[in-house]
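Each chain gets a letter, A, B and so on, in the order the sequences are listed, and its residues count up from 1.
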There are 2 protein chains.
Amino acid sequence: MVPAADRVKKPGQSSVWMDAKKSPGGGAGGRGGSGGGRRSDPAAAHLDRDRITAVTVALLDADGLDKFSMRRLAAELKVTAMSVYWYVATKDDLLELALDHVAGEIVLPDPDDDTDWRIQLRQLAQSYRELLVGHPWATLLVGRFLNIGPHFMAFSGATLAVMRRTGAPLERHGGMIAAVFQFVFGFATSEAQFNRLAAEAELTTDEFFQRSMGLIAGEIEESPLFRESTELMAARGGDTVAEMYDRDFENALDVLIAGIETSGATKRPE
Amino acid sequence: MVPAADRVKKPGQSSVWMDAKKSPGGGAGGRGGSGGGRRSDPAAAHLDRDRITAVTVALLDADGLDKFSMRRLAAELKVTAMSVYWYVATKDDLLELALDHVAGEIVLPDPDDDTDWRIQLRQLAQSYRELLVGHPWATLLVGRFLNIGPHFMAFSGATLAVMRRTGAPLERHGGMIAAVFQFVFGFATSEAQFNRLAAEAELTTDEFFQRSMGLIAGEIEESPLFRESTELMAARGGDTVAEMYDRDFENALDVLIAGIETSGATKRPE
DNA sequence: ACCTGAACACCGTTCAAGT
DNA sequence: ACCTGAACACCGTTCAAGT
C-alpha cells in the first residue's frame, strides 16, 4: 500500500473519497466505536482509518474544532505525530472523514415507507438539525468540503426521494431542496454556535441570551429596532432559548412546506 | 486609553462591540478605504481600528481566511506583530470587526419606500447572497460570532421591517425570518465554498463541477441515485454552474415567498 | 509496510521594556 | 499613549531513517 501522502497532493486532485474503502464490512469505526470515555483501549491494536476517524470524532466532540490538532490526536492514539500521515494525507482530509462519519447519524426514511412526504421531510430536516447541533464542529466543516462521502450521498439520495414524492414538477426540485436543507444548515449553525458561545462564556444559553440582549439594548435602546425586536421576542413565545429555537424551526418548516405545496405538490389528502 | 487587551479577556465578557466607537464619523474605514491595490499608502499615518480593519478585509479577500495571520497583517501595516494588539484584544475580535465591516455592503431598502414586500425581500436576500459570495471568508465567520455589530444590526432591523410589511401575524415572523435568511446563508455558503474549492484546484467552476460529477459517478454509477440526480440535473436547466445556482436561488425564493403568503401575508394586489 | 525523530517554517499571545 | 523584542507554547507537514 502506498502512503496516503502520495495519493492526494496536487491541485486537481481533491477528495479523500478517491481510493477504495478499507475494511469493507465498515465495522470497526461504527457508531460509538471508541465509546463513552476518551482514553482509548490500552491494549489497542494497530492504527487504521476507522479507528483514527472514531478518535478524531471523539476529540472534536469533547474539545471542539479549535483545540483539535494532529499532535493531540496522535497523543490520544499513543503514537507519534507523524504516524497518522500514513493513513491520511492532510488534516483536512481527516476532518472530511470525520464529518462524513457523523453524517451517518442522520435517520433516513425507509424507501418503501409511503408515509406522507410532509412528515418524512420534517423528520429528515429534524434529524439533520440534531446531527449538526449535536456536533457543533460539524457546522464549521459542512461548508468547507464537497461532502460526497458515502453518508452524505445517502442523505442526498433520501432528500431526492422525498422531493419526488411531493409530486412537484422535476424542474422545481433543485430550488425546493435548497430551500429546505440550506435553511436547516443555516439554522442549526446559528443554534449550535450560539450554544458554543454560551458554553465558552461559562453561562447557560438562557443567561447568555439575557446578556446578549443587554449588550444590544445598550446600542439601540432609543431606536425603533429595539421596540420591534422586543415585541417580536414576546410574540414568538417560549420561555427558554431552546423553546424559542424549537418554535422558530417548526414555524419555518411550516412556511417551507406550504411553499412546496404551492409549487405544485399534490394537496394533502383530507 | 487602556489597551484593548485589558478590555476583553475573561469568559463572561465576549464582544468587541462593548466600547465606544472610534472616529464617530465612521469615515476612514469606509467602503473601499484601502482601495484596489494591496500595498497600503507608503506615507501611511499611525494605526487605528478602521485602518486595521480595512487592511484585514483586503487581505482576507486576496488570500482567504486560512492564510490570514496577525503576523502577515502586521507586515502589511509595516509594523511589528504586536502593535495590532493595542487596538484589538484577539484575532477573533478583529475578524468580528472585519465581518461587520463588509456587512455594510448589504443594500437595505429605504424604510419610506412602499414597494411590494416580495420585491424588497428578494432584493435583501440577493444582496446578502452577493455579500457572502463576494467575500467567501465571511461565510466561515458568520456562524462563529453573535453578529451584533452596527451593520448586522441594521440588516436585522431591515428584515424585521420587511416582515412587518407582509401583514403576517407577529408570532410567525421568527420562523419566516429564519426560513429566508438562514436559507440564504446556507445557500451562499455552499456557493462561495464551491467557488473556493474550484479555484484551489485551479479549475473553472464548470470544470470543477464536471470533475466532481465524475468522482460521484464512480461511486454510485449503478445505484438509482445516479439516474435520479442526472435527471434532476437536466430538468433544472442552465448551461453553467453559475446559472444553475441562480436558478435554484430564484426557485427557492419562490417557494419561500409562497410559503409566507400562506402564513397569513396579505395577498398580492392583482 | 508501518512508524519514529528531528527539523522547517510557521502560529497567537504574554510580558517587560522602550520612547 | 503607543510600539517593539524576545520568548513561550504551540501548529501542520517534510524528509530521512529505522524496523
Restricting to nitrogen or oxygen on both sides, can you table the protein-nucleotides 3-5 of chain D pairs closer than 3.5 Å?
from	atom 1	to	atom 2	distance (Å)
D/dC3	OP2	B/Tyr87	OH	2.6
D/dT4	OP2	B/Thr80	N	2.9
D/dT4	OP2	B/Thr80	OG1	2.4
D/dT4	OP2	B/Ser83	OG	2.3
D/dT4	O5'	B/Thr80	OG1	3.2

Protein N or O to nucleotides 9-11 of chain D N or O, pairs below 3.5 Å:
from	atom 1	to	atom 2	distance (Å)
D/dC11	OP1	A/Ser69	OG	3.2

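Listed by chain and residue number, A/Ile216, A/Glu219, A/Ile220, A/Leu225, B/Ile148 satisfy the side chain to side chain contact (heavy atoms under 4.5 Å, CB included) test with B/Met153 (two or more places apart in sequence, or in another chain). Under the rule for a side chain to side chain donor-acceptor pair (under 3.5 Å), B/Gln210 has no partner lying at least two apart in sequence or in another chain. The side chain to side chain donor-acceptor pair (under 3.5 Å) check on A/Asp61 picks up A/His135, A/Trp137, with sequence neighbours excluded. Among residues two or more places apart in sequence or in another chain, the side chain to side chain contact (heavy atoms under 4.5 Å, CB included) test is passed with B/Ala192 by B/Pro136, B/Thr139. Applying the ring pair (Phe, Tyr, Trp, His ring centres under 6.0 Å) rule to A/Tyr128 yields the partners A/Phe155; only residues at least two apart in sequence or on another chain are considered. Scored by the side chain to side chain donor-acceptor pair (under 3.5 Å) test, B/Ser127 finds no partners at all (sequence neighbours excluded). Every residue two or more places apart in sequence or in another chain that forms a side chain to side chain contact (heavy atoms under 4.5 Å, CB included) with A/Met82 is listed here: A/Tyr85. In this structure, A/Thr159 has no side chain to side chain donor-acceptor pair (under 3.5 Å) partners at least two apart in sequence or on a different chain. Contacts of B/Tyr245 classified as ring pair (Phe, Tyr, Trp, His ring centres under 6.0 Å), with partners at least two apart in sequence or in another chain: B/Phe187.
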Practice problem: Could you summarise the pairing of DNA chain C as dot-bracket text, marking Watson-Crick and G-U pairs under 3.5 Å with ( ) or [ ] inside the strand and | across strands? | Solution: ||.|||||...|||||.||

